[in-house]
Amino acid sequence: MTGVSRREGIGWATVQRLAKAGTAVFTQGWTAHDAGQPWGADEGFQAGGRAGHLDIDLAEPDAPAQLVDAAVAAVGPLDVLIANHAASADQNLEQLTAEAIDHTLAVNVRATLLLVQAFAAAHAGGPGGRVILLTSGQGRGPMARELPYVASKAALSGLVTSLADHLAPRGISVNAVNPGPTDTGWAPKEIVEQATAAMPRGRWGSPDDAARLIAWLASEESDWVTGQVIDSDGGFRYGGA
């Protein structure tokens, strides 16, 4: 599972659920990314209790293959890939830079595609393979303040049907989850208040809200579900309250 470097995140919540189910989970994170963000790195984060962890920058072209190789070496044949990592650039149309666009697409789209490629090549074959991507609500309402992120998440949503069709003969399902506004400590007060007003239950999603669906998609129970982008967003009213 990628994007696991903070205990407040969806990745960590999902790892806890999978571990309770007896799944051997190998994770990826990139501490330097968190350290450069307003929320900072999780200094108390520990990799203990899991099958292994690799701190690696998925912006590097060779990183996806290195990550899959490390996971196979740690746990053997892989059954599930959860691509939870993301780079985000808060840029509207007037602020756009080529550098931000290229970096966001490299991390969110290129790395994800190469991870799926490497995972499929390493998959043992037969039923039970799972690819789970994390997308966003970019198709449900405007997100004009973060256009590079929107472009990258729209690309992932658009890939689901084609990847699901291509990998179905190998026993691998492909789905994506849109978790909606999720309280992982990233949002400033004004965004929290704005999004909360548009939540029917009056609260943001918790990391575990998304983790429950992701863990189900990773399980045998989801065998007949593929090619779907599933909203797990608490009924968020996209575009306003």
Problem - Connected hydrophobic set around Trp30, excluding itself, where side chains approach under 4.5 Å - result: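 None; Trp30 is a cluster of one.
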Tell me, please, which residues at least two apart from [X] pass side-chain contact (heavy atoms from CB on, under 4.5 Å).
X: Gln138; result: Thr135, Ser136, Met143, Val150, Lys153, Ala154, Ser157
X: Ser219; result: Trp216, Glu221
X: Thr31; result: Ala41, Asp55
X: Ala59; result: Asp57, His103, Val107

Problem - Given Val109, Leu147, Ile101, the one that forms side chain to side chain contact (heavy atoms under 4.5 Å, CB included) with Ser152 - result: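 Between Ser152 and the candidates, side chain to side chain contact (heavy atoms under 4.5 Å, CB included) is satisfied uniquely by Val109.
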Practice task
Compare all side-chain heavy atoms of Pro207 with those of Trp12 and state whether any distance is below 4.5 angstrom.
Solution key: no
Exercise for the section: Report yes if some heavy atom in the side chain of Gln28 is under 4.5 Å from a heavy atom in the side chain of Leu58; otherwise report no. Expected result: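 Yes, at least one pair of side-chain atoms sits under 4.5 Å.
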What pairs with [X] under salt bridge (charged side-chain N to carboxylate O under 4.0 Å, His left out), at least two apart in sequence or on another chain?
X: Asp90; result: none
X: Arg170; result: none
X: Arg110; result: none
X: Asp231; result: Arg140

Handout entry: Where at least one partner belongs to residues 60-72, residue pairs that pass salt bridge (charged side-chain N to carboxylate O under 4.0 Å, His left out), sequence neighbours excluded
Key = none
Could you state the interatomic distance from [atom1] ([X]) to [atom2] ([Y]), rounded to the nearest 0.5 Å?
X: Ile10; Y: Thr182; atom1: CD1; atom2: OG1; answer: 4.0 Å
X: Ile214; Y: Arg17; atom1: CD1; atom2: CZ; answer: 10.5 Å
X: Met1; Y: Thr27; atom1: CE; atom2: OG1; answer: 9.0 Å

Test of understanding: clusters of I, L, V, M, F, W, Y form through side-chain heavy atoms closer than 4.5 Å, transitively. Do [X] and [Y] belong to the same one?
X: Val229; Y: Leu134; answer: no
X: Leu133; Y: Val177; answer: no
X: Tyr149; Y: Ile191; answer: no
X: Leu78; Y: Leu163; answer: yes

For a quick test of reading the model, state the closest non-hydrogen atom pair linking [X] to [Y] and the distance between them.
X: Asp208; Y: Ala13; result: N-CB, 3.9 Å
X: Arg130; Y: Asp223; result: NH2-CA, 3.6 Å
X: Ala24; Y: Val75; result: CB-CG1, 4.2 Å
X: Asn175; Y: Val225; result: ND2-O, 3.0 Å
X: Gly29; Y: His53; result: N-CE1, 3.4 Å
X: Ala120; Y: Ile172; result: CA-CD1, 4.3 Å

Pairing donors with acceptors under 3.5 angstrom, does anything connect the side chains of [X] and [Y]?
X: His85; Y: Thr112; result: yes
X: Asp209; Y: Ser206; result: yes
X: Thr196; Y: Arg203; result: no

Handout entry: Worked check of side chain to side chain contact (heavy atoms under 4.5 Å, CB included) between Thr23 and Val15
Key = CA-CA 9 Å; Thr23 305; Val15 167; over 6 Å; no
Under 3.5 Å donor-acceptor, [X] side chain and [Y] backbone:
X: Asn84; Y: Gly3; answer: yes
X: Thr226; Y: Val174; answer: yes
X: Ser222; Y: Leu217; answer: yes

Exercise for the section: For atom CD of Glu190, decide whether the heavy atoms of other residues, nucleotides or ligands shown that lie under 6.0 angstrom number more than 12. Expected result: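 Yes, CD of Glu190 has more than 12 neighbouring heavy atoms, counting only those of other groups under 6.0 Å.
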Fill in the blank from the handout: Phe119 meets the ring pair (Phe, Tyr, Trp, His ring centres under 6.0 Å) criterion, sequence neighbours left out, with His123
Practice task
Go through Leu67 and Phe26 one step at a time and tell me if the side chain to side chain contact (heavy atoms under 4.5 Å, CB included) criterion holds.
Solution key: CA-CA 9 Å; Leu67 177 58; Phe26 190 91; 3.8 Å; yes
Handout entry: Residue list, side-chain hydrogen bond (donor to acceptor under 3.5 Å, both in side chains) with Glu146, at least two apart or on another chain
Key = none
